[in-house]
Number of protein chains: 2
Amino acid sequence: MTEVSSISRKEQVIRVAAELFREKGYVAASMRDLAQKLGIEAASLYSHIKSKEEILHVLCFDMAKDFMASLEKVESKQNLTASERLQQGIIGHVEVMAKDLTASAVFMNEHRHLSQPFLRDFLLLRINYINRFKLMIEAGMANGEFKKTIDKKLAVMTLFSSLNWMPLWYDPTSAIEPAVLGKQLSDMLVNGLKQNPT
Amino acid sequence: MTEVSSISRKEQVIRVAAELFREKGYVAASMRDLAQKLGIEAASLYSHIKSKEEILHVLCFDMAKDFMASLEKVESKQNLTASERLQQGIIGHVEVMAKDLTASAVFMNEHRHLSQPFLRDFLLLRINYINRFKLMIEAGMANGEFKKTIDKKLAVMTLFSSLNWMPLWYDPTSAIEPAVLGKQLSDMLVNGLKQNPT
DNA sequence: AATACAAACTAACACGCGTTAGTAAAACAC
DNA sequence: GTGTTTTACTAACGCGTGTTAGTTTGTATT
């Protein structure tokens, strides 16, 4: 290799593909579109990748791995209140997303076009991730920190909806840092919009 | 027509198409798939619809019309607090979605495959709808009902994320009614997860 | 200079796509 | 009963799809 510092051509292909998949959706994005964006012929792509789906696979599972790693880091911490743990989980999630908003958008919107058995694997990972956030919320309800009146499924789904749509409106050039955004988001979900009477 | 009570064949085609578009996505769903679901040949579809996109157009804009009508009803009410108005807006939105979860999912996920100028029209409607919810939140911040510390864009985007993902997890056969769900959702966003000190 | 490898090319493949043209049969209205 | 409308059919169109085979070019290593 000429320069050790530069990313491989394969990574470059995948990165440009992510942008394309985000813009047009996985199915509507053609390999010829992708090749054009890279300034090469469509057939040349196959010197770097095995198939179109391999790109999607890499994008989805790389993101999944990062999300999992972030969550495990939070889970390993001791002596946190439920609010704190939830907040740190949310901040971690936002930070992972912010590191690659394009891949995050693909991860969120296009994973369903994975074929079996990868789709099954992906969905199992996802369920697992969500359930571990659900446990945080349940812990808060159990120790009186959170209300018990709110439906758990609603709570966790609202949380994930909020998180997962972020790539669609978050401006990466904005001054606001991911950690701050995550904090604001968790504050909103935990404390609500209403003025506190304190 | 033989029976006035039965829906037209065109409506039937669109309804089945909605299910298909939801399952596979608009681009991945082929007219041959759709025809098979209806037990006819693909070419026969064109006795009822002008094009594949017409189906998407009808699905998206019919939903948009319902959302707008619901919002206008809430806006016309007098003497409501910001919380009440927001809650009723949310309940209305949930009710419209619950009336046709399939079309709602298509509306949310597939609208981007509309071609111009329909896509532009659609996005303008959507921005307008979101802005009117934003006004409700701003009114609450202005009169001291809501905190001013929360970023408005974050607040309204969190709201819409939560709302729009509902079709992906809401179980239409569940005992919980749309109005109740909407109420819980608005309660969560307004008051938060945390136990109130009252 | 010889070798190895990465990265691109041209040409083509089989296939599925949305859609049109023209037609046939059934169900309706009068 | 005749004319009209609805609903479906068969056959085919041009085009875009992901992908392959085989080859060439340039660069880096020995």
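Throughout, protein chains are lettered first and strands after them, A, B, ... in sequence-line order, and every chain is numbered starting at 1.
- Atom CD1 of A:I40 and atom C1' of D:dG26 are 16 Å apart (whole Å).
- Rounded to whole Å, atom C1' of C:dG16 lies 14 Å from atom CD of B:Q36.
- Nucleic acid contact class of B:A29 (heavy atoms, under 4.0 Å, all strands): sugar-phosphate only.
- One interatomic measurement links the two molecules: CD of B:E11 to P of D:dT7, which rounds to 11 Å at whole-angstrom precision.
- Atom CG of A:L124 has more than 12 heavy atoms from other residues, nucleotides or ligands within 6.0 Å.
- No cation-pi contact links A:K153 to B:Y170, judged by a cut-off of 6.0 Å to the six-membered ring centre and 45° from its axis.
- Taking the six-membered ring wherever Trp is involved, the centroid distance between the rings of A:F122 and A:F118 does not fall below 6.0 Å.
- Rounded to an integer number of Å, the gap from A:L56 CG to D:dG18 P is 13 Å.
- Geometrically, B:K52 engages B:Y26 in a cation-pi contact, judged by NZ or CZ lying under 6.0 Å from the ring centre and within 45° of the ring axis.
- Straight-line distance from the CZ atom of B:R9 to the P atom of D:dT7: 8 Å, rounded to whole Å.
- Here the C1' atom of nucleotide C:dT20 and the CG atom of B:L45 are 14 Å apart, to the nearest Å.
- As a whole-Å value, the separation of B:E41 CD from C:dA21 P is 19 Å.
- Aromatic ring centres of A:F107 and A:F61: separated by at least 6.0 Å.
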Inset, instruction - If a protein heavy atom is under 4.0 Å from the base, mark B; if only from the sugar-phosphate, S; if neither, -; do that for nucleotides 19-25 of chain D going 5' to 3'. - result: BB-----
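- We find that CG of A:L34 is positioned 9 Å from P of D:dG18, with the value rounded to whole Å.
- A:S47 contributes no side-chain N or O that forms a donor-acceptor pair with the base of C:dA6 under 3.5 Å.
- Aromatic ring centroids of B:F21 and B:H113 lie 6.0 Å or more apart.
- A:E145 and A:S83 share a donor-acceptor pair across their side chains, judged by distance under 3.5 Å alone.
- Between A:H48 and C:dA7, a side-chain N or O to OP1/OP2 separation shorter than 4.0 Å is present.
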